[in-house]
Each structure stands twice: as structure tokens, then as C-alpha cells.
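Here is the structure we will look at, set down as C-alpha cells.
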Amino acid sequence: MDGAGIESKSQFKKLVKTFNNPVAPPDNPAADIVPIVEPTLCKEQADLMDVILGGRNVFYTGSAGCGKSTMLKAFVKRFEEKGMKVNIIAPTGRAALDINGSTTWTYAGWTPDHHKKPLKDLRATGHGRFVHKRLNETDVLVIDEISMVENHHFERINHLMKEARNDETAFGGVQVVVTGDFCQLPPVKPFRYCIECGRETIVNKEETEYKCRAHGIFYDKDKWAFRSTAWQECDFVHVNLQEIHRQSDRAFINMLNKLRMGIRLFATETDLLLNHESETRNAIQLFATRAEVNRVNEERFRALRSVERTYHCLDHFKWNEAHGNLKSKGEYKAPDGSLQALAEHRFESCIRLKKGMLVVLLHNLDIGAGLVNGSQGTIQGFEDYDPKNLPKAATSREKRDGLPIGAQVLQGDHAVFREWQLQEYAKQMEFKAWPIVRFLNGVQRTIYADCTVNSLGDTTPHSLLSRTQIPLMAAWAMTTHKSQGMTLNRVVVDLSKSFEQGQAYVARKYFAMHAFSIRPANTPQVSRARSLEGLKVVSLPPSAQGSGNPQVKEFLQDRFGIRDDSQ
Ligand SMILES: Nc1ncnc2c1ncn2[C@@H]1O[C@H](COP(=O)(O)OP(=O)(O)OP(=O)(O)O)[C@@H](O)[C@H]1O
């Protein structure tokens with residue numbers, strides 16, 4: 001098993017006590033103060049790990065919160081420990097940053113214009129120096145957020161890898177692991193250019209057909225990766241993770257599963273969702289647009305009379321000159337000096353903080369203490385900067401002898417680099433003080449800056465792209481987009497309003513996505529983790545129920561027997 005776990009309630013209580021009482025030394029300092037940032041895999045996750053490590057091509061899926069990202073980190077670590085070269089790719093920049101990977105485009109060495117090339121020419125790009133080398137060094141290709149990867153994009157990558165690796169088996173013979181949830185975001189602008197000749201297709205009014213004069217019609221219903229020839233060639237083992245780790249309330253999980261599949265809720269369930277008792281003091285309001293979020297957050301921020309403190313991020317690109325193609329990553333900057341390459345980063349380039357402000361934590365600080373990505377709290381005050389308290393990379397001696405109470409330890413790859421970046425960040429801080437946050441579960445912590453590192457390039461040492469910033473953001477309001485992947489404690493959401501505003505292309509999926517992105521308190525260690533308790537749904541859009549994409553439903557039914565029993 002990977003990572004340490006909290007095995008009993010008493011162990012958890014002891015940990016919380018230790019964190020809340022920094023003067024009382026615990027029995028075993030080293031064991032108790034090291035934060036737990038990765039959970040212990042459950043049985044079905046461990047079984048999946050065996051299948052993946054066994055070398056088969058695997059597609060694994062499951063509802064939001066079943067641990068897809070947790071699995072990804074765990075098996076990548078295991079492959080890397082075996083010395084295997086793993087490339088992790090995702091269809092968008094933001095998704096790629098979250099998984100310390102690159103985009104499908106960067107991996108393939110393409111710009112969107114490459115889709116305008118006939119397949120034969122596109123395949124030839126696999127012989128470009130960097131691309132050829134990169135694709136030939138891959139042992140395992142991991143594709144995250146597969147729901148957004150369009151059929152022919154998946155197909156094109158398959159062709160490119162066959163050509164580059166001179167091997168006509170699926171993806172040129174590498175092991176392929178794909179993950180994601182087809183009930184979440186769909187591919188954008190499918191079949192825009194004909195895969196055969198690269199000419200722009202002509203779309204009909206209903207956006208159901210894309211026509212190439214020379215090569216016929218492509219149908220919108222076939223836009224999904226699972227409808228591609230490449231998917232068949234991969235001969236995937238299909239795994240559906242069923243245990244939800246974010247929520248613990250059975251009735252609530254059932255409802256979420258129905259919403260995911262676009263299954264109409266029973267009247268009793270709708271009633272429960274709208275009218276259950278909820279604790280929404282200091283809850284976060286989810287909105288569709290950034291403008292609404294900014295308005296609410298700005299109003300509430302201004303209303304606080306305490307002193308405002310501004311924190312600018314520290315972006316850094318440590319470039320290995322062997323990666324000529326990456327040089328520009330460190331060159332393009334936004335007006336505030338932050339790197340364009342990190343524009344989609346989950347940490348803000350600039351944050352303003354005040355005492356009394358509601359904030360949300362943006363990374364897993366300490367799972368054992370219930371402090372995860374999405375934990376909400378209030379700033380209680382500020383701790384003066386003291387270099388002694390900055391998180392440090394543990395030396396081997398410290399690992400052996402234990403660290404001082406309250407010290408935060410930097411673990412894993414790049415720990416020394418991260419420590420250095422934290423020190424640099426502290427030097428450039430205008431206000432030499434760190435926010436102290438009391439979280440909704442009662443745990444109080446000083447929140448130091450965190451440094452996230454993305455390793456880039458095909459050779460080692462990798463080029464390192466990093467952002468260092470205080471991992472907090474205002475939590476009166478948030479976009480639903482930003483809430484994806486978080487475990488929020490208290491949420492208020494008005495779904496009908498989102499519909500009136502005529503949400504973009506995902507309108508049909510919007511309801512399922514939104515409802516599914518609501519993550520009330522769940523960590524089993526937090527005693528009041530009654531899932532519906534932290535959720536307030538203001539109103540539901542009646543038209544939005546019972547939608548769900550028919551091809552996705554059919555696919556999930558075929559593969560996993562997940563069916564719509566309400567019909
Ligand atoms: N085996 C486990 N034991 C305890 N907690 C777990 C376990 N697996 C995952 N979690 C926790 O559950 C939460 C959701 O996990 P994760 O983000 O991996 O899910 P996901 O399926 O990727 O969700 P999404 O589709 O929303 O991105 C995280 O806080 C994670 O730490």
C-alpha cells in the first residue's frame with residue numbers, strides 16, 4: 001500500500017490534539033507530525049493497481065470522488081519506482097497542470113493547426129527529432145480527463161505513435177492507461193477537420209453531423225473516445241470504481257449517481273435535496289460565471305474592516321538547455337510578472353487576504369487532520385514571519401530523529417527545490433506574515449506558501465516549472481468550474497439560475513455536472529461528516545432532469561451494467 005493512513009478514530013483524535021496543542025510533545029514526534037497527504041488505497045483501488053501494474057491497457061472510471069486522481073498518482077509512483085518512463089497527458093492545460101503532466105498537444109508536438117493536415121502528413125510529424133525521441137521513450141502512456149478527448153484526436157495520437165515507434169499495434173505498443181468520467185465534460189468542437197484530408201468539415205444546423213465533401217459524414221454521437229477504432233485496438237480492461245470517498249451518506253450518493261447518469265430523481269429525492277436541514281453558515285456559493293464570483297467576493301472582502309495584505313506568487317522556470325522546445329515557457333509573462341505558462345494554475349497569481357475572510361484551501365495539506373483541497377475556514381489573524389517555521393525538506397538525520405513539533409515537512413520529489421522557492425517567496429513578501437486559518441472542522445493552522453512543481457522535458461534533469469503561493473482563495477463564492485475536483489464542506493447552489501443564464505455548450509450536462517461537483521464534508525475523520533448537512537440547493541431546473549447523453553449511458557450500461565431503473 002502507498003502512503004500512510006489513519007487507522008482509528010483515536011489515532012485521528014490524537015493527531016488533531018497534537019496539531020491544536022503545539023506545546024505538548026507527542027509520544028513519537030516523527031510519526032505524528034508528518035502530514036498525511038495521500039490516502040491508503042481501498043480494496044477495489046488496490047485490485048485496480050494490480051491490473052495496471054500487470055501491464056494491461058486499462059480504462060478506469062467512476063463517479064466524482066471515487067479516487068481516480070488518487071489512483072493515478074499511486075500507480076505512476078509505482079511505475080517510476082520500477083524505472084519505467086510514464087508520460088501523463090490531458091486534453092487541457094489546466095487538467096495537465098493538476099496532474100503534473102503535459103497536454104495531449106504538447107506530447108504529440110502539435111498545435112491545433114496540425115489537425116488541418118492529411119493523416120499521412122500528420123503521421124510524418126512523428127519523425128520530428130524531439131517527438132520521435134519522446135514517443136519512443138514512453139513505456140506507459142496515461143491519459144486523464146478522457147471524456148474531453150475527441151474520437152479523432154485519440155485516433156490521431158494512435159496513428160502518430162504507431163508511425164514514430166514503427167509498430168502498428170495500438171499506440172505503437174506502449175501500455176495505455178486512460179481515466180476520467182464520461183458523465184462529466186464532453187469533447188469540444190468535434191470533427192472540425194476531416195481526419196483523412198484535414199479539410200474543414202461543414203456542420204449542419206442541429207450540430208449532429210459534420211460533413212467532409214471527400215470523405216463523408218461524421219456524426220456527433222461518435223465524438224467520444226470510446227467510439228474510436230483506437231479504443232477497440234487497445235482492448236482495454238474496463239474498471240468502474242464504485243466506492244465514493246468524498247461522501248458517506250448512502251441516500252445522497254444514490255442521488256448523485258442518478259444525476260450523473262441523467263436519471264430522473266423520485267419526488268421524495270428532489271424533496272430531500274431541496275428541503276433537508278442544512279448548516280450553511282459560511283457556506284460557499286457556487287456560480288456559473290467568474291463575474292458573479294468576483295462581485296460577491298469583492299463586496300464581502302470590502303466589507304471587512306481589517307488590514308488588507310497582498311501576496312504575489314513567485315513563478316520560476318528552471319530550464320534545462322537540452323529542452324530547446326521549452327525555452328519559451330520561462331519567457332512569456334503576464335503584466336503582473338507571473339508566467340503565462342502558469343496562467344491556468346489553481347493558485348492565484350495575486351491574492352489579497354484580511355482577518356475575518358472566508359477562505360478555501362487549494363491543496364491536500366494534511367489528510368489526517370481533515371485539511372484537503374476544498375476545506376473551508378476563516379482567517380483568524382497572521383503569524384509573523386520566522387524563517388525557523390518555514391516548511392523544510394527533511395534531511396536524512398531529521399527523518400531518523402524526528403522533527404520539531406509543528407514543523408511542516410516537504411516530502412517527495414523536488415523537496416529541496418521547493419524549500420528554496422519558499423525561502424525566495426518569503427524574501428519577496430511585502431507583508432512578512434502568514435495567515436492563520438481556523439477550518440470548519442475546528443483545526444487551526446498557519447498556512448505557509450506552497451510550491452508546486454511541474455517536471456517538463458524528455459530528458460533528465462527535467463526542466464522545472466513552479467509556482468509558489470499561499471494555497472488559499474476567497475471562499476464566499478466560487479465558479480463551478482473551479483470547484484471541480486474539490487471536497488467542499490458547505491455549499492449553496494442555485495441550479496435554476498444557472499439555466500436561465502443559458503449556459504454555454506454544456507447546458508444539457510450542466511445540471512448533472514453541477515450537482516455532481518457539490519462535495520459536502522466527507523473525510524471520515526471529521527465527526528460531523530453528514531454529507532447532506534453542508535449542502536443547500538436553492539432550486540432545481542425541472543427540465544434538466546432525465547437528460548444524460550444516450551451514447552454514454554449505453555456505453556456504461558454495456559460495460560458495467562449501470563442502468564437507468566427509473567424508466
Ligand atoms: N482510499 C481512499 N481512502 C480515503 N480517502 C480517499 C481514498 N481515495 C480517495 N480519497 C479521497 O477522496 C477525495 C476524492 O478523491 P479523488 O480526487 O482522487 O477522486 P476523483 O475520482 O479523481 O474525483 P473527481 O472526478 O471529482 O476529480 C480526495 O479527498 C481523496 O483524498
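Ligands are counted one by one from 1 in listed order, and the atoms in each one are counted from 1 as well.
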N/O to N/O below 3.5 Å, does that happen between Gly67 and ligand 1? yes

Okay, side chain of Gln175, backbone of Ile52: is any donor-acceptor separation there less than 3.5 Å? yes

Under 4.0 Å, heavy atoms only, figure out whether ligand 1 is touched by the backbone of Met71, its side chain, both or neither. neither

Touching ligand 1 at all, Gly62? Heavy atoms, strictly under 4.0 Å? no

What do we get for Thr70 next to ligand 1 when only non-hydrogen atoms under 4.0 Å count, side chain, backbone, both or neither? both

Looking only at the side chains, is there a donor atom on one of Thr452 and His363 sitting less than 3.5 Å from an acceptor on the other? no

Does at least one non-hydrogen atom of Asp181 fall below 4.0 angstrom from an atom of ligand 1? no

Donor-acceptor pair between Gln380 and Arg438 side chains, under 3.5 angstrom: no

Answer side chain, backbone, both or neither: which part of Cys66 comes under 4.0 Å from ligand 1, heavy atoms only. both

Distance-only, no hydrogens or angles: does the Glu145 side chain make a donor-acceptor pair with backbone N or O of Ala95 under 3.5 Å? no

At a 4.0 Å threshold, what atoms of ligand 1 neighbour a non-hydrogen atom of Cys42? 1 (N)

If you count the atoms of ligand 1 from 1 in the order shown, which ones are under 4.0 Å from a heavy atom of Thr40? 1 (N), 2 (C), 3 (N)

Can a donor-acceptor pair be found between the side chains of Asp144 and Thr179 at a distance below 3.5 Å? no

Exercise: do His153 and Thr104 side chains pair donor with acceptor under 3.5 Å: yes

Do the charged groups of Arg418 and Asp450 touch, with an N to O distance under 4.0 Å? yes

Give the contacting part of Leu241 toward ligand 1: side chain, backbone, both or neither, where contact means a heavy-atom distance below 4.0 Å. neither

Which of the atoms of ligand 1 are close to Lys68, meaning less than 4.0 Å from one of its heavy atoms? 18 (O), 19 (O), 20 (P), 21 (O), 22 (O), 25 (O)

